[in-house]
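The structure under discussion appears below in the form of C-alpha cells.
A quick note: this is a predicted structure, and the numbers were derived from the prediction, not measured. Below, chain A is the first sequence line, B the second, and so on; all start at residue 1.
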Amino acid sequence: MSGYPVHLHLPADNHDMMGLRIGQVVRLSGTLLTARDAAHQRLVSSLEAGEAIPVCLDQAVLYYVGPAPARPGRPVGSAGPTTARRMDPYTPCLLAQGVKGMIGKGPRSEQVQRAMRDHGAVYFAAPGGAGALLAQCIVQAEVLAYPELGPEAIHRLEVREFPAVVAGDRFGGNLYDSGPKTYALG
Amino acid sequence: MRHVTSEMIETSVADLMERANYCLRDDVEQALAEAQTREESTAGQGLLNALRENSRIARTGDYPLCQDTGTAVVFVELGRDVKITGDLYGAINRGVARATRRGYLRASMVADPLRRENTKDNTPAIIHLDSVAGSAIRLYVMPKGAGSENMSRLWMLLPGEGVSGVKRVVLETLTIGGSSACPPLVVGIGLGGSFDSVPLLAKRALMRPLNSPNDAPHLATLESDLLDAINALGIGPGGLGGRVTALSVAIEAAPCHIASLPVAVNLGCHAMRGREAVL
C-alpha cells in the first residue's frame with residue numbers, strides 16, 4: 001500500500017484510471033456527479049423503460065453523497081460519503097452507461113465487483129464521517145437533475161484535491177476484503 | 001413544585017442538537033487520538049488523521065461533523081418535583097426544528113417509512129421519557145446517523161447460549177456490518193429486558209463515557225473481552241484493514257424472563273454524538 005497520493009484530474013485519462021490498484025491513495029480534482037438512493041432508482045427505471053436520462057454518465061465519476069445545506073457563501077454543507085451498498089442493485093446498469101468511477105464508503109456486492117471488471121471501473125473509498133473535511137474540497141456545486149429530490153438531487157461538483165483510497169479496482173481487487181484479512185488475528 | 005417552561009426546554013434542545021453536530025464528544029476525541037498511537041495500517045492512520053482534522057474543522061462552526069446530522073434521539077429524565085408549563089413533546093420537536101434551520105443541518109427524516117416524504121425539519125424526534133426523583137430535568141440529545149444504525153441488530157437467544165452466544169452474535173454483527181458503519185465504532189450492547197426494551201438498553205450504552213466499565217465485574221469483563229475480539233477482526237478504521245475497529249464496548253443489562261436472553265447491538269460511528277444539559 002502506497003502512502004503517496006496519485007493526483008487525478010477528472011474526467012481522467014482512461015489509462016490513468018484503469019491502472020489504479022487497491023490501497024492506492026488518490027487526490028481527485030475536477031468534476032464529480034452526486035447520486036444516492038433516489039437518483040439511482042430514477043436513473044435505472046428510466047434506462048430500463050428505454051427513456052432518456054437527464055445526465056451524461058459516459059466517463060462520469062459518481063459520488064454517493066447527500067450534502068447538508070450550504071451556509072451562505074459556500075457551495076455545500078458537510079458532504080461525506082454514504083454507504084455504497086445501498087447503490088449496489090443499480091450500479092451494474094450505470095456502469096454499462098460508461099460510469100468509470102464511484103466514491104462511497106463500505107464494501108460492494110459480488111455483482112458490482114463483476115460489473116467493475118467487465119466495464120472497467122474503479123471504486124474509491126472516501127473517509128466516511130469526515131463531511132466537514134471533504135466539504136472543504138468542494139469548490140463549486142450546481143443541481144443538474146431531479147431538483148425536487150433536495151439533497152438527493154444529482155449535483156455537479158467541482159472538487160480540488162479530494163482525498164480517497166482505491167478500494168475496488170478493475171482487476172478484482174477488494175480492499176474491504178484484503179485489508180481486514182491482513183490485520184485479522186487468530 | 002418547581003416550574004419549567006416549555007420555551008426553556010425548546011431552547012436547550014436546540015442548543016444541544018446543534019452543539020452535538022458540530023463538536024465531537026471529548027471522550028470520543030480522546031479515544032481517536034489514543035487509537036492513532038496503536039494503529040498500524042497506513043490506510044487506518046490516514047483515516048484517523050482525516051477524522052481528527054474533520055473534528056477540528058467542524059468545531060469552528062462552518063460545517064457539521066457529518067452530512068448525516070442524524071435522527072434526534074432525545075432522552076428526558078423528568079424530576080417528579082417539576083411542573084412543565086406547556087407541551088414537553090412539542091417543545092422538544094420545536095427545538096430540533098430550530099437547530100435544523102439555525103445549524104444548517106440536513107433534513108433526514110421522512111414522515112412515512114414507505115411513502116417517504118421528507119418532513120424538512122428533522123422532526124419528529126425519538127423521545128424517551130423517564131420519571132426520576134428530584135426537581136431537575138436532564139436532557140440528552142443524541143443525533144444518530146443511519147450508517148451505523150442500519151448495521152445494528154437484535155436477537156432473542158436461548159438462555160443456555162449465555163456468554164458464548166452473546167459473543168457470537170456481537171462478532172457476527174461486526175463482521176457483517178462493521179465496515180459500513182464508519183469504524184472505529186462505539187459498540188452499545190443491551191442484554192436482557194424484553195423484545196421492545198433491549199434495543200433501548202443498547203442505545204443507552206452508547207451514552208456512557210467511553211471506556212468506563214460496567215459496575216458489575218462480569219459485565220466489565222465481557223466488555224473488555226468483546227473489545228479485544230472485535231479489534232482482532234482486523235476491520236480497522238474505515239473498514240480498510242487495521243488494528244482499531246472499535247473504540248469502546250459498553251453493556252447495559254436488565255432483568256429478563258426465565259426463557260429469554262434478548263441481545264441488541266447498537267453501533268455508533270466514530271463521530272458518536274451526544275450532548276446533555278440539566279435544567
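Note that NZ of A/Lys105 is 11.5 Å distant from CG of B/Leu240, once rounded to the nearest 0.5 Å. A/Tyr183 OH to B/Asn231 CG: the interatomic distance, rounded to the nearest 0.5 Å, is 14.0 Å. Separating the CD atom in B/Glu53 from the CD atom in A/Gln136 is a distance of 7.0 Å, to the nearest 0.5 Å. Between A/Ser78 atom OG and B/Ile57 atom CD1 the span is 9.5 Å, to the nearest 0.5 Å. A/Leu134 contributes atom CG, which lies 8.5 Å from atom CD of B/Gln67 (distance to the nearest 0.5 angstrom). To the nearest 0.5 Å, the span separating CZ on A/Arg86 from CG on B/Asn150 amounts to 6.5 Å.
Contact of B/Leu65 with chain A is made through the backbone alone, with heavy-atom distances under 4.5 Å. Heavy atoms closer than 4.5 Å to chain B are found in the side chain of A/Ala125, but not in its backbone. Interface residue B/Glu40: backbone and side-chain heavy atoms are both found under 4.5 Å from chain A. Residue B/Asp62 touches chain A through both its backbone and its side chain, counting heavy-atom pairs closer than 4.5 Å. Both the backbone and the side chain of A/Arg71 come within contact range of chain B, each with at least one heavy atom under 4.5 Å from a heavy atom of that chain. Contacts between A/Pro81 and chain B at a heavy-atom distance below 4.5 Å involve the backbone alone (N, CA, C, O). Interface remark: A/Pro67 contributes backbone atoms only to the contact with chain B (heavy atom separation under 4.5 Å).
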side-chain contact (heavy atoms from CB on, under 4.5 Å) evaluation trace for A/Leu185 with B/Arg243: CA-CA 9 Å; A/Leu185 303 172; B/Arg243 296 285 171 229; 3.5 Å; yes
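Between chain B and the residues A/Ala68, A/Pro69, A/Gly128, the most heavy-atom pairs under 4.5 angstrom are made by A/Pro69. Comparing A/Ala70, A/Ser178, A/Gly80, A/Pro163 by how many heavy-atom pairs each has under 4.5 Å with chain B, the most go to A/Gly80. Heavy-atom pairs under 4.5 Å with chain B were tallied for A/Gly131, A/Gly150, A/Ala132; the largest tally goes to A/Ala132.
Partners of A/Tyr64 by ring-ring contact (aromatic ring centres under 6.0 Å, His included), not counting sequence neighbours, listed by chain and number: A/His40.
The neighbour count for A/Arg108 CZ, taken as heavy atoms of other residues, nucleotides or ligands under 6.0 Å away, is above 12.
Cation-pi check for A/Arg74 over B/Tyr104 is not met; the charged atom does not lie both under 6.0 angstrom from the ring centroid and within 45 degrees of its normal.
The two residues B/Gly238 and A/Tyr176 come nearest to each other via the heavy atoms O-CE2, 3.4 Å. When all heavy atoms of A/Ala184 and B/Leu233 are compared, the pair lying nearest together is CB-O, 3.5 Å.
Inspection of non-hydrogen atoms places B/Ser179, B/Ser180, B/Cys182 of residues 179-186 of chain B under 4.5 Å from chain A.
Judged purely by atom type and a 3.5 angstrom limit, B/Arg106 has no side-chain atom pairing as donor or acceptor with the backbone of A/Pro151.
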